[in-house]
2 protein chains.
Amino acid sequence: MKDSLDRSAWVSAGLAALADKGLDAVRVERLAADLNVTKGSFYWHFRDRGDLLAMMVEAWRTSATTDIITRVEAKASDPADRLKTLFATVLRADGRLEMAMRDWAARDAGVGAVVAETDARRVAYVEALFASIGVPAAEAGARARFTYQALIGQFRMGVGAAEDRAREALEIILPLMSRP
Amino acid sequence: MKDSLDRSAWVSAGLAALADKGLDAVRVERLAADLNVTKGSFYWHFRDRGDLLAMMVEAWRTSATTDIITRVEAKASDPADRLKTLFATVLRADGRLEMAMRDWAARDAGVGAVVAETDARRVAYVEALFASIGVPAAEAGARARFTYQALIGQFRMGVGAAEDRAREALEIILPLMSRP
DNA sequence: CCGCGTCAATACGGCAGCGTATGGAGGACA
DNA sequence: TGTCCTCCATACGCTGCCGTATTGACGCGG
């Protein structure tokens, strides 16, 4: 008997499949094969596929709300450095899970609400950073939202090498968005 | 006997299902039901589902490459007005098909190549507009790409009412991105 | 040793969806 | 009328996937 799995192993496997191939690839029997067990194990841990999906959303919510902000805060202390770190981190991240969640959110109102809440927190954080570096109050929100949209949008872009996009965003766009 | 369908009716139905519910919803029997026929008709017109999918990509490529540019060009004549029209048009568009194509592109290299080509043309158009209004050559490309990313990204955003986002982008962001 | 709880394997039946084969309907033309 | 072509309906068999039921394996404690 191998080491036994717990629920979190299944949730991780589900999120990996989601990120890699989309929601349609999150299949009970496929995940079981990925984990080298059979679906008996799955049904011991979960009522049905919907149960797993709900737990996946919750797991994503927990990590997504605080992950990027915590990392940026840990790495830099003044707002300008934090903005730079935020850009650098997002622009070099693998956005597949992020975008798979958004694809899912577009089709499921419950998931949509979770993503909206996450977006609101992140945008508020960016806005506060912009305000801290002297961007006028009348513009900080708009710039934060536009910036956030661009950072999300670049995960689904078919032009430009990722490294080039990161460099130009740091050298050209961030200074532009930061103007007082 | 009802009026007979041709291939394009099937392709349109496929694109509608894709936009509305994602690639997984593009199903032969479901499309047949949507069109009030049975799958016998489908298999007269197409070899298999893959045949339909390929034609859908081609149809999207044809329309996506020229659609937005043609509309903007028809509606406005000077570059500043064209930029404004571009923003206004995209920000008020239903981006579901656009994003469904991107979701698909993320998982299929062939589709990814089509989307990349489309993106390149659109970004080049935006860049040319920026250059025409006096944005420095060293910055026009970066600004065009970032702007394009943000316009794409806003289709998958969970914050802000669409109309508010459009207004603030037109009044605050476009002027900022247009600075010489 | 036995009982219990945790965890997992397997068999089963049902459904969605696919592609193939076959026959039907309608229209145009000789 | 018969033939041909275009288009479509239906039946069929197969596969993937789901959830349920049943049994087995293992570890722990009394």
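Note that the coordinates shown come from a computational prediction; the quantities given were computed from them, not determined experimentally. A note on names: the letters A, B, ... follow the listed sequences, proteins ahead of strands, and every chain is numbered from 1.
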S.K.: Could you tell me how far apart B:L31 (CG) and C:dA16 (P) are, to the nearest whole angstrom?
M.R.: 17 Å
S.K.: Donor-acceptor pairs under 3.5 angstrom involving side-chain atoms of residues 10-23 of chain B: please list them, not counting sequence neighbours.
M.R.:
{"from": "B:S12", "atom 1": "OG", "to": "B:S8", "atom 2": "O", "distance (Å)": "3.0"}
{"from": "B:D20", "atom 1": "OD1", "to": "B:R96", "atom 2": "NH1", "distance (Å)": "2.8"}

S.K.: Which residue, B:K39 or A:D6, contacts DNA chain C at a nucleotide closer to its 5' end, judged by nearest heavy atom?
M.R.: A:D6
S.K.: Can you tell me how far P of D:dA9 sits from CD of B:E29, to the nearest Å?
M.R.: 13 Å
S.K.: D:dC18 phosphate, OP1 or OP2: any side-chain N/O from A:R27 under 4.0 angstrom?
M.R.: yes
S.K.: Give me the residues of residues 44-58 of chain A where at least one heavy atom lies under 4.0 Å from an atom of DNA chain C, by number, or none.
M.R.: A:W44, A:H45
S.K.: Decide, yes or no, whether a salt bridge links A:E98 with A:R122 under the criterion of side-chain N to carboxylate O below 4.0 Å.
M.R.: yes
S.K.: Could you tell me which residues satisfy side chain to side chain contact (heavy atoms under 4.5 Å, CB included) with B:D108, sequence neighbours excluded, listed by chain and number?
M.R.: B:W104, B:V111
S.K.: Measure from CZ on A:F42 to C1' on D:dC17 and round the result to the nearest Å.
M.R.: 12 Å
S.K.: Test your reading of the model: is there a side-chain donor-acceptor pair from A:R61 to the backbone of A:V114, 3.5 Å cut-off?
M.R.: no
S.K.: Is it true that A:R102 and B:D103 make a salt bridge, defined as a side-chain N closer than 4.0 Å to a carboxylate O?
M.R.: no
S.K.: Would you mind classifying the nucleic acid contact of A:Y43 as base, sugar-phosphate or nothing, using non-hydrogen atoms under 4.0 angstrom?
M.R.: base
S.K.: Are A:E127 and A:R143 ion-paired here, with the side-chain N under 4.0 Å from a carboxylate O?
M.R.: no
S.K.: Any Lys/Arg nitrogen of A:R121 or A:E117 sitting under 4.0 Å from an Asp/Glu carboxylate oxygen of the other?
M.R.: yes
S.K.: Where along residues 16-26 of chain B does a heavy atom fall under 4.0 Å from DNA chain C?
M.R.: none
S.K.: Name all residues meeting the side chain to side chain contact (heavy atoms under 4.5 Å, CB included) criterion together with B:E73; count only those two or more places apart in sequence or in a different chain, and write none if there are none.
M.R.: B:I69, B:R82, B:Y125
S.K.: From CG of B:L35 over to C1' of D:dA9, roughly how many Å is that when rounded to an integer?
M.R.: 15 Å
S.K.: Who passes side chain to side chain contact (heavy atoms under 4.5 Å, CB included) against A:D81, sequence neighbours left out?
M.R.: A:A76, A:D78
S.K.: How many Å lie between CG on B:N36 and P on D:dT10, as a whole number?
M.R.: 13 Å
S.K.: Between C:dG17, D:dT20, C:dG19, which one does the side chain of B:V28 approach most closely?
M.R.: C:dG19
